[in-house]
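Here's the structure, in structure tokens; my notes come after.
Because the structure is predicted, anything quoted here is derived from the model rather than measured.
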Amino acid sequence: MYTIENSIEITAPVATLRTAISTRDGFRAWLAADTELDTAGRFTFPFGPRAVTLTLDRADDCGIVMTCVQVQDNPEWLGTELAITLTPLAGGKTRLDLAHAGYPSKDECYERSTMGWAHFLLSLAQYVTTGKGNPFDSKVTAAAPTSAAVAS
């Protein structure tokens with residue numbers, strides 16, 4: 001099994017980042033504009049023809065852990081675990097470490113996800129520092145098909 005790992009330092013407190021990575025409105029602002037949260041507490045993130053549903057297994061000031069429990073046109077994600085760890089730093093900064101584990105191979109999905117996480121972590125940093133992230137938005141992508149390949 002393979003893991004995508006990425007880290008970023010963001011000038012924002014842990015509490016701000018925790019909200020951004022554990023709530024529907026937070027995810028909508030930086031990850032997927034059409035994020036849904038069902039009554040069972042599962043988050044569904046649509047990315048054009050693909051979608052993934054994750055359970056929020058843990059959320060606290062140390063970060064989150066989520067497990068992918070359902071997919072649409074994205075079978076490589078099923079059963080993967082997403083862990084985002086938050087570490088407070090001096091000067092009001094937070095170090096965010098992302099580990100997305102359980103990919104069965106380093107195929108096209110793995111590569112697309114590696115590039116996607118790099119993009120979305122920058123979107124998260126923008127959101128918590130400026131109030132405006134760059135989430136995947138199916139309405140914008142549908143209007144500009146040339147952007148779809150980059151966003152997905």
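For residues 72-84, there are no salt bridge (Lys or Arg N to Asp or Glu O under 4.0 Å) pairs, not counting sequence neighbours. Among pairs with a residue in residues 4-31, those fulfilling salt bridge (Lys or Arg N to Asp or Glu O under 4.0 Å) read R28-E36, at least two apart in sequence or across chains. Pairs engaging residues 82-103 under the salt bridge (Lys or Arg N to Asp or Glu O under 4.0 Å) rule: R95-D97 [sequence neighbours left out].
Closest approach of T67 and G79 over heavy atoms only: CG2-O, 4.5 Å. Here the closest non-hydrogen pair linking N74 and A51 is CB-O, 4.3 Å. The two residues L54 and C68 make their nearest non-hydrogen contact at CG-CA, 3.8 Å. Closest heavy-atom contact between A33 and P135: N-CB, 3.9 Å.
The shortest distance between side-chain heavy atoms of L82 and W117 falls below 4.5 Å. Two residues are said to be in side-chain contact when any heavy atoms from C-beta on lie closer than 4.5 Å; T94 and T87 fail this criterion. Side-chain contact between F120 and F136 is present, with at least one heavy-atom pair separated by less than 4.5 Å.
Put simply, Y2 and I84 are part of the same group of oily side chains (I, L, V, M, F, W, Y) that touch within less than 4.5 Å, one to the next. By the criterion of side-chain heavy atoms lying less than 4.5 angstrom apart, applied directly or through intervening Ile, Leu, Val, Met, Phe, Trp or Tyr residues, V69 is not grouped with L37; the two fall into different hydrophobic clusters. Connection of L98 to V65 is not established within any shared hydrophobic cluster, with ILVMFWY side chains joined at heavy-atom distances below 4.5 Å, either directly or through further cluster members. Criterion: ILVMFWY side-chain heavy atoms under 4.5 Å apart, direct or through other members. Under it, L89 and L17 are not part of a common hydrophobic cluster.
Using a distance-only test at 3.5 Å, with no hydrogens or angles considered, no donor-acceptor pair links the side chain of S123 to the main chain of H119. Judged purely by atom type and a 3.5 angstrom limit, T35 uses its side chain to pair as donor or acceptor with the backbone of A32.
The aromatic rings of F27 and F43 sit perpendicular, their planes meeting at an angle over 60°, well past the 30° parallel limit.
Taking CZ from R50 and CD from Q72, the interatomic distance works out to 10.5 Å, rounded to the nearest 0.5 Å. Within the model, atoms CZ of R112 and CZ of F47 stand 10.0 Å from one another, a figure rounded to the nearest 0.5 Å.
For the 3.5 Å distance criterion, the side chains of T129 and T11 fail to qualify, holding no donor opposite an acceptor. Residues T3 and Y103 bring no donor and acceptor atom of their side chains to less than 3.5 Å of each other. No side-chain N or O of H100 forms a donor-acceptor pair with one of S113 less than 3.5 Å apart.
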Exercise. Mind running side-chain contact (heavy atoms from CB on, under 4.5 Å) on W77 and C109 for me, showing each step along the way?
Key: CA-CA 8 Å; W77 271 54; C109 175; 3.6 Å; yes

Practice problem: Mind running side-chain contact (heavy atoms from CB on, under 4.5 Å) on V52 and T44 for me, showing each step along the way? | Solution: CA-CA 6 Å; V52 294; T44 298; over 6 Å; no

Quiz item: Would T16 and I10 satisfy side-chain contact (heavy atoms from CB on, under 4.5 Å), going step by step from the backbone distance to the final call?
Solution: CA-CA 11 Å; T16 300; I10 301 173; over 6 Å; no

Exercise. Dump the intermediate steps for side-chain contact (heavy atoms from CB on, under 4.5 Å) on L121 and L96, then the final yes or no.
Key: CA-CA 9 Å; L121 288 182; L96 183 147; 3.6 Å; yes

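Here D38 pairs with R42 under the salt bridge (Lys or Arg N to Asp or Glu O under 4.0 Å) rule; sequence neighbours left out. In terms of the salt bridge (Lys or Arg N to Asp or Glu O under 4.0 Å) criterion, D107 has no residue partners (sequence neighbours excluded). Listed by chain and number, the residues in a side chain to side chain contact (heavy atoms under 4.5 Å, CB included) with T130 are Q126, K132 (sequence neighbours excluded).
Screening L56, L86, D57 for a side chain to side chain contact (heavy atoms under 4.5 Å, CB included) with I64, the sole residue that qualifies is L56.
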